[in-house]
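Since the structure comes first, as structure tokens, the remarks are kept for the end.
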Protein chains: 2
Amino acid sequence: MGSGRNSYHHGDLRRSLIDEGLALTRSRGPRALGLRAVTRQVGVSANAAYRHFANQQALVAAVAGEILEKMAAQMREFITADPSPDPREQARHRLRAVGLGYITFAVSEPGWFETAFFGTEMSDRQSTGSDDHDETPERHETASDDHDEAPEHYDEAPPFALLVEALDGMVAAGVLSAERRPGAEWSCWSAVHGFAELVVHGPLRQRESVEVMTLAARVVEDIIAGIR
Amino acid sequence: MGSGRNSYHHGDLRRSLIDEGLALTRSRGPRALGLRAVTRQVGVSANAAYRHFANQQALVAAVAGEILEKMAAQMREFITADPSPDPREQARHRLRAVGLGYITFAVSEPGWFETAFFGTEMSDRQSTGSDDHDETPERHETASDDHDEAPEHYDEAPPFALLVEALDGMVAAGVLSAERRPGAEWSCWSAVHGFAELVVHGPLRQRESVEVMTLAARVVEDIIAGIR
DNA sequence: GCAACATGTGTACACTGTGAACTTCATACA
DNA sequence: TGTATGAAGTTCACAGTGTACACATGTTGC
């Protein structure tokens, strides 16, 4: 059948829940992504979500995954063709675009950014807090019964892959020496992610976005110069 | 009288709540800092906390403030006297120590680090979510415009002040040019905070701490080289 | 047509933060 | 020496949360 919801069964509830999760987090961040809130919005009972997600965290992880895809897509748009014929300058431009694209996404979609990187942390269940100290042996990852589900693998996330590509391109173009290549992703990722973090819930929060992007350009420039 | 709790009144409940908050967040992060959990641990009713804090966020903010003090203290310990007589090298060493001290704190006290920078975000109340029409009966507004509540001033936080000091020292020592000084704090803060973030809930989470500190040294070196 | 199965509903429970009214105690003042 | 006052802690209540369990409903293979 089509994706209508004219009857008892919904059609594609999983898709609808994720879509509504995207809408909620876009405007109000990860704390708006309650299990009851999402199901209420879709017009379905709260427990219906458990047919498609092991728990709330799994829903958040699924939404976060789609946000990371959107982020990578916007970053790719950011990497337009470079007018410069010099491959050295092209490689540098590409790396710059990766960094600025990352930050641009965080600035223009703070709710999504927050959800992608801190969403699952926000929705943790409590653990009784009994007085004797426990070592918290949690780590129950719900075994990922479904196909997708890559909740915490930032290092496999599409934006990270773009960064790695750009850095490899730097080496290929001869702008970055091979022995300084390993570890460079952590410097770049740290600077760019840290800056986004400062914008989203740090001291740069209420600054004008043009001022923010000026500072962002400085940060990106500095870290590219720093990895050498 | 002393700080005993032998009678109906507690003595210094505010202090005890913060101390217990520090203990809880140290081992289990900001999500363990529930209002009921803290008061239960102290042995007092839940609403007793409201005599000392406007709400849960205020408690978290108070705990976060004390953590930032501890962080700055550990960073200051990290800045030991430099054997080098060269003031240029001293200034650089100082900046390096600020960065590595910051990261070291995050690595050795992840629960505290998370609480200091993300604690208040974790405990936000929801707002009904029905963007349709609201027929909520009269809602008495608490109108708490009265007392301040400034929980988010990272840029006035002690660790940030240490960074600014170190950068000014770089200029004074002639290692950093005056016209590249403005904005340099954002580059450094971004790189260091971003790296700490990757360690605390990013892809570097379960790496050995010696390996983490090796990578940290690289990041700090890169960003110092980058600001020029 | 009917069993098996997947999907959505209803009820219930243990939690949470917080408001309002009540109780206890320490202290200033007659 | 009382006694009013007010700060500090208690109890009760309420709305809201995630989720476990039993049940209802619709789809699909035989």
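Labels below follow one simple rule: chain letters A, B, ... track the order of the sequence lines, proteins then strands, and each chain is numbered from 1. Being a predicted model, the structure only gives us computed values, none of them experimental.
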With no angle test and no hydrogens, is the base of D/dG16 tied to the side chain of A/Arg36 by a donor-acceptor pair under 3.5 Å?
no
Heavy-atom nearest pair, B/Ser190 first then A/Leu198, reads OG-CD1, 3.7 Å
Among C/dG19, D/dT10, D/dA8, the one nearest any side-chain atom of B/Val44 is D/dT10
I need the minimum non-hydrogen distance between A/Ile227 and A/Cys188, along with the two atoms involved.
CD1-SG, 4.1 Å
The residue among A/Val192, A/Leu167, A/Ile223 that forms side-chain contact (heavy atoms from CB on, under 4.5 Å) with A/Ser187 is A/Ile223
Can you list everything that forms a side chain to side chain donor-acceptor pair (under 3.5 Å) with A/Arg76? Sequence neighbours excluded, please.
none
Any A/His52 side-chain nitrogen or oxygen under 4.0 Å from OP1 or OP2 of C/dG8
yes
Measure from CG on B/Leu33 to P on C/dT16 and round the result to the nearest Å.
12 Å
Between CD of B/Gln56 and P of C/dT16 the distance, given in whole Å, is 10 Å
Rounding to an integer number of Å, can you tell me how far B/Leu17 CG sits from D/dA8 P?
13 Å
Rounded distance (Å) that lies between atom P of D/dG9 and atom CZ of B/Arg14
12 Å
Show the distances under 3.5 angstrom between N or O atoms of the protein and N or O atoms of nucleotides 21-23 of chain D.
unit_1, atom_1, unit_2, atom_2, d
D/dC21, N4, A/Asn47, ND2, 3.0

Let me know the distance between CG of A/Leu24 and P of D/dT17, rounded to the nearest Å.
12 Å
Taking the six-membered ring for Trp, is the centroid-to-centroid distance between B/Trp189 and B/Phe160 below 6.0 Å?
yes
Length of the line joining B/Arg31:CZ and C/dG17:P, which is rounded to integer Å
14 Å
Specify whether A/Trp112 and A/Phe105 have parallel, tilted or perpendicular ring planes, treating 30° as the upper limit for parallel and 60° as the lower limit for perpendicular.
parallel
From CG of B/Asp12 over to P of C/dA26, roughly how many Å is that when rounded to an integer?
16 Å
Residue met sooner reading DNA chain C from 5', once B/Ala46 and A/Ser45 are mapped to nucleotides:
A/Ser45
Counting heavy atoms from C-beta on, name the nucleotide in D/dG18, C/dG8, D/dA8 closest to the side chain of A/Ala48.
C/dG8
Is the distance between the ring centroids of B/His201 and A/Phe117 under 6.0 Å?
no
Grab the CZ-C1' distance between A/Arg40 and D/dT19 for me, whole Å please.
15 Å
